[in-house]
Protein chains: 2
Amino acid sequence: MYIRYMNSKLFRGTLDTIILTMLRDNGKMYGYEITKSVKEKTNGEFKITEGSLYPALHKLERKGYLEIHLLKVDNRMRKYYSLSKKGNKAVKEEITEIQSFIHSLSLIVNPNT
Amino acid sequence: MYIRYMNSKLFRGTLDTIILTMLRDNGKMYGYEITKSVKEKTNGEFKITEGSLYPALHKLERKGYLEIHLLKVDNRMRKYYSLSKKGNKAVKEEITEIQSFIHSLSLIVNPNT
DNA sequence: TTTGTATACATAAGATATCTATGTATATTC
DNA sequence: GAATATACATAGATATCTTATGTATACAAA
């Protein structure tokens, strides 16, 4: 990996929920696929670095939010993640929280809301 | 001060911009007033702790974003802050950034956007 | 009269999330 | 054979915020 990405400091706190939401919407995904998909979905705005992504996935796994199955494709390993029952419950709560956060933040930074 | 506030982890990265925006909208404010005003504007959602607020104000001051004048009211000191020219420029950029962030985040967590 | 609440500032120490940097390895394109 | 893309991993640094604590005045309630 040669390309370095730059992330916004605003990211902080939202990464876990972003990952969980991607998994909710796509059933199962592997790490690299998540970064590509998030980048695409946000028109290049959100670029998740590997140093952020993999530790985050491991943490979510430790918390019991993710289920894993490994697959070898083109002689390269892929670690597929999907939401566990616990993860499915968590993603709903976290999205509600993020939407509430966005709403409150808009009340400050957006005129006429 | 006896009441302890709880902040969301989502806050991270937005505090400086929130402070600058409040100052932009209100001309000049003192620290305590900012916390009250932010809490009121967000219907109790954003509760800025003193341990977050004052260090943030000091940092923004060091960066040259703020102008200060002290005032004694009811025998209590107030430190009034207002935006410097540099702060005025910064707040515009940071709000644009936050709005772009909100937009991208919505693309992920909100269906049909 | 002292207890609690509100106002008003400040800072040290700790937690934690993310970034930077680095490492391994395979496949494909130039 | 050099660069790019795919695919994982982790140690160490950094930044931001929280928790905890401190000082001080004013006022209401008990």
Side-chain angles (χ1 to χ4, degrees), chain A residues 1-20 28-40 46-63 66 68-81 94 98 101 105, chain B residues 1-20 28-40 46-63 66 68-81 94 98 101 105:
Chain A
M1 171 67 103
Y2 294 97
I3 297 168
R4 292 279 132 226
Y5 292 133
M6 276 170 47
N7 290 331
S8 161
K9 63 174 178 171
L10 296 170
F11 245 138
R12 274 172 194 275
T14 62
L15 183 57
D16 290 0
T17 310
I18 289 171
I19 293 172
L20 294 176
K28 64 183 174 56
M29 301 178 90
Y30 56 99
Y32 192 76
E33 186 186 13
I34 293 173
T35 63
K36 293 289 145 195
S37 198
V38 166
K39 193 182 171 189
E40 199 188 338
F46 284 3
K47 287 154 274 188
I48 305 172
T49 59
E50 297 162 294
S52 303
L53 175 76
Y54 293 110
L57 283 170
H58 301 159
K59 192 187 69 186
L60 291 171
E61 188 194 335
R62 277 199 307 278
K63 288 172 85 175
L66 305 181
I68 300 177
H69 71 110
L70 297 166
L71 201 65
K72 201 160 191 173
V73 179
D74 288 332
N75 210 33
R76 264 190 243 101
M77 182 181 56
R78 281 186 189 170
K79 206 167 170 183
Y80 274 96
Y81 293 95
E94 291 190 16
I98 248 181
F101 170 73
L105 194 55
Chain B
M1 172 67 105
Y2 294 97
I3 297 169
R4 292 278 132 228
Y5 292 131
M6 275 171 48
N7 289 333
S8 161
K9 64 175 179 172
L10 296 170
F11 246 138
R12 274 172 192 275
T14 61
L15 183 57
D16 291 359
T17 310
I18 288 171
I19 292 172
L20 295 175
K28 63 182 173 56
M29 301 178 90
Y30 54 101
Y32 192 75
E33 186 185 14
I34 294 173
T35 63
K36 294 288 145 196
S37 197
V38 166
K39 194 181 171 188
E40 200 189 339
F46 284 4
K47 287 154 273 186
I48 305 173
T49 59
E50 297 162 294
S52 304
L53 176 76
Y54 293 110
L57 283 170
H58 301 158
K59 192 187 71 187
L60 291 171
E61 187 193 335
R62 278 199 307 279
K63 287 172 86 174
L66 305 181
I68 301 178
H69 71 108
L70 297 166
L71 202 64
K72 200 158 193 175
V73 179
D74 289 331
N75 211 33
R76 263 191 244 99
M77 182 181 55
R78 280 187 191 168
K79 207 167 169 182
Y80 274 96
Y81 293 95
E94 290 190 17
I98 244 181
F101 170 73
L105 194 54

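The chains referred to below are lettered A, B, ... by the order of the sequence lines, with proteins before strands, and numbering in each begins at 1.
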Think A/Tyr54 has a side-chain N or O under 4.0 angstrom from the OP1 or OP2 of D/dC8?
yes
Has B/Asn75 got a side-chain N or O lying under 4.0 Å from the OP1 or OP2 atom of D/dA26?
yes
C/dA8, OP1 or OP2 - any side-chain N/O from B/Tyr30 closer than 4.0 Å?
yes
Look at the aromatic rings of A/Phe101 and B/Phe11 and report parallel, tilted or perpendicular, splitting at 30° and 60°.
perpendicular
Contact between B/Leu70 and B/Arg78 at the side-chain level, heavy atoms closer than 4.5 Å - yes or no?
no
Testing D/dA26, D/dA7, C/dA6 for proximity to the side chain of A/Tyr32, the answer is D/dA7
Nearest to the side chain of B/Leu15, which nucleotide is it out of C/dT26, C/dT18, D/dC17?
D/dC17
Whole-Å gap separating P (C/dT26) and NZ (A/Lys72):
9 Å
Rounded to whole angstrom units, what separation is found between the NZ atom of B/Lys59 and the C1' atom of D/dT18?
15 Å
Side-chain H-bond candidate by donor/acceptor type, B/Ser52 with B/Thr49, under 3.5 Å
yes
Could you work out which one of C/dT18, D/dA7, C/dA10 sits closest to the side chain of A/Asp16?
C/dT18
Is there a side-chain polar atom (N or O) of A/Lys79 under 4.0 Å from OP1 or OP2 of D/dA9?
yes
Side chain of B/Arg12, base of C/dA17: donor and acceptor closer than 3.5 Å?
no
Distance test, side-chain N/O of A/Lys36 to OP1/OP2 of D/dT6, below 4.0 Å
yes
Would you say a side-chain N or O of B/Arg76 is under 4.0 Å from OP1 or OP2 of C/dT7?
no
Within 45° of the axis and under 6.0 Å from the centre of the six-membered ring of B/Tyr30, does NZ or CZ of B/Lys79 qualify?
no
Rounding to a whole Å, what distance do you find between B/Glu61:CD and C/dC9:C1'?
13 Å
